[in-house]
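On a predicted model such as this, the values are computed, not experimentally measured, just so you know. In each ligand, atom 1 is the first atom listed, and ligand 1 is the first ligand listed.
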Amino acid sequence: MRCPSCSATDSRVLESRLLDQEATLRRRRECSTCKTRFTTYERVETVPITVVKRDGKRQPFDPHKLLLGLVHATVKSPIPADDVAALAADIEAQLAKRNAREVTSEEIGELVLDRLRSVDEVAYVRFASVYRSFSSIEDFMGELSRLAGKKVSLPLS
Ligand SMILES: [Zn+2]
């Protein structure tokens, strides 16, 4: 690491400390040449994920927007708020693990639907109606009757 004072590249680490719940490593260094002390930080690189929307437009993945969508979908369901937040965090982590830095909005929607379907059928339909953007009311009703066929009571409010 280049010394900010004399530009020498040899330094000695005086102290290392983990910060931010061990997400950051801070090092105090001393330049071997001029003895200037300086600090460096080491973090895991996080590459932003880009969402490709249905119309081809790209935008940065917004975890808050995902959480908001899930909250709307589950507002009348018995799923506790903590579980909804965990679901959103889980999906975000899954996206971060992928090699691809781009994800389509459909892929995100399907990820959410997969999880929601196993947790709460009503929330699933609500979310599906938004994220899968049913092209017609018939599609939407088709999904509802498919679920109704599974003896699930739906509050059609
Ligand atoms: Zn120096």
Discussion item. Are Leu95 and Val52 connected into the same hydrophobic cluster when the rule is that any two of I, L, V, M, F, W, Y join if their side-chain heavy atoms are below 4.5 Å apart?
Written reply: no

Discussion item. I want to verify a count. Protein N, O or S atoms less than 2.8 Å away from the Zn ion (ligand 1), how many are there?
Written reply: 4

Worksheet entry | Crowding at CZ, Arg101 (>12 non-hydrogen neighbours, <6.0 Å) | yes

Practice prompt. Would you check if Cys31 and Cys6 make a side-chain contact, meaning some heavy-atom pair closer than 4.5 Å?
Written response: yes

Item to complete: Evaluate the criterion side chain to side chain donor-acceptor pair (under 3.5 Å) for residue pair Arg28 and Thr39; output intermediate values, then yes/no.
Response: CA-CA 5 Å; Arg28 282 296 287 162; Thr39 307; 2.6 Å; yes

Response to the item:
One should read off an interatomic distance between Arg26 CZ and Arg17 CZ, to the nearest 0.5 angstrom, of 5.0 Å

Discussion item. If hydrophobic clusters are built by linking Ile, Leu, Val, Met, Phe, Trp and Tyr wherever their side-chain heavy atoms come under 4.5 Å apart, do Val112 and Phe61 end up in the same one?
Written reply: yes

